[in-house]
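Working notes for the structure below.
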Amino acid sequence: MSFLNSGFTRREFQEGQALYQQGDENRGVFCVSRGLFAIRAHSEAGNTTLLKLAYPGDIIGFRSYLANDRHKTEARALLPSRVCTVAHRNANRLVHSDPKVLARLTARCVAEIDTGRDRIIDAATESNQTRLARILGKLMQAHGTRDGAYLRMQLPLSRTDLADLLGIKPETVSRVLKRLKQDGEFIVSGRDIRMPITQKHACAGRA
């Protein structure tokens, strides 16, 4: 811990600012301490796909670090954010001095593989409505603010982004959002999203 405390740097990011771009050399391992990042992949044909969201506490960039390779994805802030960076040389010193650190990073890779598998299973076994409600709920828990009997946020994702995460068409997202609104799970007006506070949400919002 003493080594980490002296061996990492903090950096603030504005909405839309890139932490790293696809093809960049790896500069170390990054931990999101505030905000939200989109991890995207760009194809040679110019298409862009949102692969995952990185929330506070998530570590990103470690796969290219472990592979000693360039980044195969882009990380870009969706909200004002803060990132802690352990530089490549410091990460190497830490890994070589304590094999348990390497084991933890490897476990993170396995966890990401498992998450990808779970998303495939969920797409085959759960409704689009259930999966979209889960995504909106997680975003609300992380970034929503208390507004009377609701948690409220400005959705930081486009309909296309939501479609990428769900593996459906953008026009389908609109229909699913309409069903969530009709069922009373969320109140949707453009990007303004409100979620009724239930017992399990009571402590989640920030006053």
Side-chain angles (χ1 to χ4, degrees), residues 1-44 48-122 134-135 137-145 153 156-157 161 164-165 203-206:
M1 288 302 300
S2 61
F3 177 81
L4 282 176
N5 287 334
S6 62
F8 75 85
T9 58
R10 293 187 181 92
R11 182 180 172 190
E12 303 288 333
F13 287 81
Q14 299 300 314
E15 180 181 341
Q17 187 176 358
L19 170 61
Y20 55 80
Q21 298 187 22
Q22 188 168 313
D24 283 353
E25 291 184 1
N26 176 274
R27 304 191 307 275
V29 179
F30 310 97
C31 179
V32 180
S33 61
R34 181 169 61 86
L36 184 70
F37 277 81
I39 311 301
R40 304 179 190 273
H42 302 278
S43 71
E44 293 183 359
T48 300
T49 302
L50 176 61
L51 301 176
K52 62 172 289 187
L53 299 174
Y55 295 86
D58 285 347
I59 297 176
I60 55 179
F62 60 87
R63 287 195 291 179
S64 59
Y65 165 74
L66 290 173
N68 195 27
D69 199 1
R70 293 177 180 272
H71 290 289
K72 291 182 169 54
T73 58
E74 167 196 275
R76 191 173 296 273
L78 291 173
L79 298 169
S81 302
R82 179 187 297 130
V83 171
C84 297
T85 301
V86 180
H88 198 282
R89 64 180 181 277
N90 292 331
N92 281 341
R93 287 176 58 191
L94 188 60
V95 166
H96 293 155
S97 66
D98 189 348
K100 288 184 292 185
V101 175
L102 179 60
R104 293 285 295 274
L105 287 176
T106 303
R108 291 267 183 167
C109 284
V110 174
E112 284 209 353
I113 294 172
D114 289 343
T115 298
R117 178 204 61 192
D118 291 343
R119 284 178 61 182
I120 294 172
I121 294 173
D122 289 346
R134 185 182 299 125
I135 292 172
K138 186 171 183 179
L139 286 168
M140 192 71 76
Q141 297 298 325
H143 304 291
T145 57
M153 69 174 177
L157 304 174
D161 288 336
D164 285 344
L165 291 176
C203 298
R206 298 188 300 273

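What you see is a predicted model, and the numbers here were worked out from it, not measured in a lab.
Within the 4.5 Å cutoff, side-chain heavy atoms of Arg63 are placed close to those of Cys109. A 4.5 Å side-chain heavy-atom check between Asn90 and Leu94 finds every atom pair outside the cut-off. Side-chain contact between Arg27 and Thr85 is absent, with no heavy atoms from C-beta onward closer than 4.5 Å. Side-chain atoms of Ser81 and Arg34, non-hydrogen and from C-beta on, never get closer than 4.5 Å to each other.
Judged as a salt bridge (Lys or Arg N to Asp or Glu O under 4.0 Å), and not counting sequence neighbours, Arg119 has no contacts. Contacts of Ala103 classified as side chain to side chain contact (heavy atoms under 4.5 Å, CB included), with partners at least two apart in sequence or in another chain: none. Residues passing the side chain to side chain contact (heavy atoms under 4.5 Å, CB included) test with Val32 are Phe37, Ala54, Ile60, sequence neighbours excluded. Scored by the side chain to side chain contact (heavy atoms under 4.5 Å, CB included) test, Ala67 finds Asp69 as partners (sequence neighbours excluded).
Using modelled atom types, one side-chain atom of Ser33 and one backbone atom of Arg82 make a donor-acceptor pair closer than 3.5 Å. For His143 (side chain) and Leu139 (main-chain N/O), no donor-acceptor pair under 3.5 Å exists by modelled atom type.
Closest of all the heavy-atom pairs between Leu78 and Pro156 is CD2-O, 3.8 Å. Considering every non-hydrogen atom in both Ala18 and Phe13, the closest pair reads O-CE2, 3.5 Å. The two atoms that bring Leu165 and Leu50 nearest to each other are CG-CD2, 3.8 Å, heavy atoms only.
Here the CZ-CD distance, from Arg76 to Gln21, works out to 5.5 Å after rounding to the nearest 0.5 Å. Here the CG-CD1 distance, from Leu19 to Ile39, works out to 7.5 Å after rounding to the nearest 0.5 Å. Distance CD/Gln22 to OG/Ser64: 11.5 Å, rounded to 0.5 Å. Thr49 contributes atom OG1, which lies 10.0 Å from atom CG of Asp161 (distance to the nearest 0.5 angstrom). A distance of 7.5 Å separates CG of Leu53 from CD1 of Ile135, quoted to the nearest 0.5 Å.
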Checklist entry - Can you check side chain to side chain contact (heavy atoms under 4.5 Å, CB included) on Phe30 and Ile59, steps first, answer last? => result CA-CA 6 Å; Phe30 310 97; Ile59 297 176; over 6 Å; no
Item to check | Test side chain to side chain contact (heavy atoms under 4.5 Å, CB included) applied to Lys52 and Thr115, step by step | outcome: CA-CA 10 Å; Lys52 62 172 289 187; Thr115 298; over 6 Å; no
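Screening residues 64-86 for ring pair (Phe, Tyr, Trp, His ring centres under 6.0 Å) gives Tyr20-His71, Tyr65-His88 as the qualifying pairs, with residues at least two apart or on separate chains. A salt bridge (charged side-chain N to carboxylate O under 4.0 Å, His left out) check over residues 99-109, counting only residues at least two apart or in different chains, returns nothing.
The number of heavy atoms from other shown groups lying within 6.0 Å of CZ (Arg11) is above 12.
Salt-bridge annotation for Asp164 and Arg40: absent, with no side-chain N of the basic residue lying under 4.0 Å from a carboxylate O of the acidic one.
Phe62 pairs in a side-chain contact (heavy atoms from CB on, under 4.5 Å) with only one of the listed residues (Val86, Asn26, Leu105), which is Leu105.
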